Every structure is written in C-alpha cells, then in structure tokens.
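To keep things clear, I will list the structure first and then write my remarks on it.
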Amino acid sequence: MPAVSSAHMYHASTKTETSSPVAYAEPPTFSYADRPLIENISGSLELADYRQAMRQTGMFPRLGRNGPYTVFALPNEPFERYAARVPGGLMASQNAALLKQLLGFTIVRGNWSPKALNKAMTRLKSDRIGLKTLSGDMLIVQRDGSNGQFVLMNATGRVVKLWLNGAPQSNGTLYITQEILPPRG
C-alpha cells in the first residue's frame, strides 16, 4: 500500500471498454478484495513494522483465517515514533504485554465495512459505535460531522484519523490509521 494516497494518481479512463480482464477499484488501492487480510498486509511495505510486530506476538496467523475481522492497521512511521518512546523499545521482550495489548486494540471481530458502520450508526441514531477489540478494550468509531469520514477514539477521548478507509478483504475489512491509538492514554 502506498505511503501517500493514490487518489491523485487515478484518472478516469476515456475508453468505454477495459483493456484488461482485471477490474480495479476507483481510485485504485494496493489491496485485493479477493485476498485475506494476512496477504494484503504482507504485501504492503507501509505496514512492515505492524506485520513484524503481529508475527512477534503470534497474532498474525489469525488474519489468514476465515474471520471475519476488521483491522485498523498501523503504518510504519507512526509505529516507529511510538516505539521509540517506549523504554527499551516496543518490540523488546520486557514490553511483550504492552505490544500485544496495542496490537489487539487494532483488531475487531466482524466485518465492519464503512457500509456496515453507517448502517449500525443509523440504527442506533448515533454518530458513533463502540467495537470490542481482541484486547478486550472498546474502540469507538465515530463519523466526523464535518466531512462524514470515520475517526477512531479510545477510552480517554483521544482521536485518530484514518488513512485508508475500509478496503474490502476476503475475510473482513482493512483500515489504516494515521497515528497510533493506544487503548488508554
């Protein structure tokens, strides 16, 4: 997946027929809807640190299972900034519990696509919904009133914007955050 949005690279075709048997999303993403989360995350250079951390904690194989799962993946740059602030480093063995809790907070059971989130919020007559993560903490997804985009919020009210907003996967949905959002703090 790109380090910057690919929206500026997309140009609508002037042809009425495709020259390729492969159909791409508009604007294109570097995520394939017919592949599981584990494959799309593995294929993304921007998620290399997240993938390595998931492997280190033993959580990564779960993303290859049927699920469905919704993942709010952490890109390299914010992950590295956050890891540098943890004494001894986030990937150090003495910080294994912290790492597992942080990563567990990025995964939710169920397929929470943007359409599913909007439907649930409409049903609840609310602009937010709480999702229980694998870490056991509640992740709040809120619709930003100014632009309708989703943002994430933790228990302390800290807000993080999304970079990739709900790419479909064969076993769930993939989002990519712009910053690290710990369960608390």
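The structure displayed is predicted, hence computed values, not measured ones.
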Nearest 0.5 angstrom please: [X] [atom1] to [Y] [atom2], how far?
| X | Y | atom1 | atom2 | result |
| --- | --- | --- | --- | --- |
| R62 | I107 | CZ | CD1 | 7.0 Å |
| R81 | I180 | CZ | CD1 | 8.0 Å |
| I129 | R123 | CD1 | CZ | 6.5 Å |
| R55 | L103 | CZ | CG | 13.0 Å |
| L47 | I176 | CG | CD1 | 4.5 Å |
| Y175 | L74 | OH | CG | 15.5 Å |

**Q.** ILVMFWY clustering at 4.5 Å (side-chain atoms), partners of I140
**A.** V151, M153, V159

Please check this pair: side chain of [X] against backbone of [Y], looking for a donor-acceptor N/O pair closer than 3.5 Å.
| X | Y | answer |
| --- | --- | --- |
| N118 | P114 | yes |
| T70 | G110 | yes |
| R35 | N40 | no |
| D49 | E80 | no |
| E179 | T177 | no |

Does the side chain of [X] reach to within under 4.5 Å of the side chain of [Y], using non-hydrogen atoms?
| X | Y | value |
| --- | --- | --- |
| V86 | L99 | no |
| L131 | L117 | yes |
| Y82 | L102 | yes |
| L181 | R158 | yes |

Q | Sequence-distant partners of F60, ring pair (Phe, Tyr, Trp, His ring centres under 6.0 Å), two or more places apart | A |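 Scan of F60 (ring pair (Phe, Tyr, Trp, His ring centres under 6.0 Å), adjacent residues dropped) gives none.
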
Closest contact, heavy atoms only, [X] versus [Y]:
| X | Y | result |
| --- | --- | --- |
| Q149 | N165 | OE1-ND2, 3.1 Å |
| M121 | R143 | CB-NH2, 3.6 Å |
| R51 | S44 | NH1-O, 3.3 Å |
| G88 | N95 | C-ND2, 4.3 Å |
| V108 | T133 | CG2-CG2, 4.1 Å |
| L37 | Y69 | CD1-O, 3.6 Å |

Q | hydrophobic_cluster_shared for L98 and M54, side chain cutoff 4.5 Å | A |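 M54 and L98: one cluster.
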
**Q.** In one Ile/Leu/Val/Met/Phe/Trp/Tyr side-chain cluster, 4.5 Å: F150, M138
**A.** no

Q.
Between F72 and L162, is the side chain to side chain contact (heavy atoms under 4.5 Å, CB included) condition met? List the steps.
A. CA-CA 8 Å; F72 298 93; L162 296 171; 4.1 Å; yes

Q.
Quick one, V141 with W112, criterion side chain to side chain contact (heavy atoms under 4.5 Å, CB included). Give me CA distance, side-chain angles, the key distance, then yes/no.
A. CA-CA 10 Å; V141 180; W112 289 100; over 6 Å; no

Q: Report the C-alpha separation of N154 and T156 in whole Å, then their side-chain angles, then the decisive distance to 0.1 Å, and conclude whether the side-chain hydrogen bond (donor to acceptor under 3.5 Å, both in side chains) test is met.
A: CA-CA 6 Å; N154 66 9; T156 63; 2.8 Å; yes

Q: Before giving the answer on side-chain hydrogen bond (donor to acceptor under 3.5 Å, both in side chains), spell out for T106 and Y50 the whole-Å C-alpha distance, their side-chain angles and the decisive distance to 0.1 Å.
A: CA-CA 10 Å; T106 68; Y50 180 73; 2.7 Å; yes

(Q) Counting neighbours of CG on N66 that are heavy atoms of other residues, nucleotides or ligands and sit closer than 6.0 Å, is the number greater than 12? (A) no

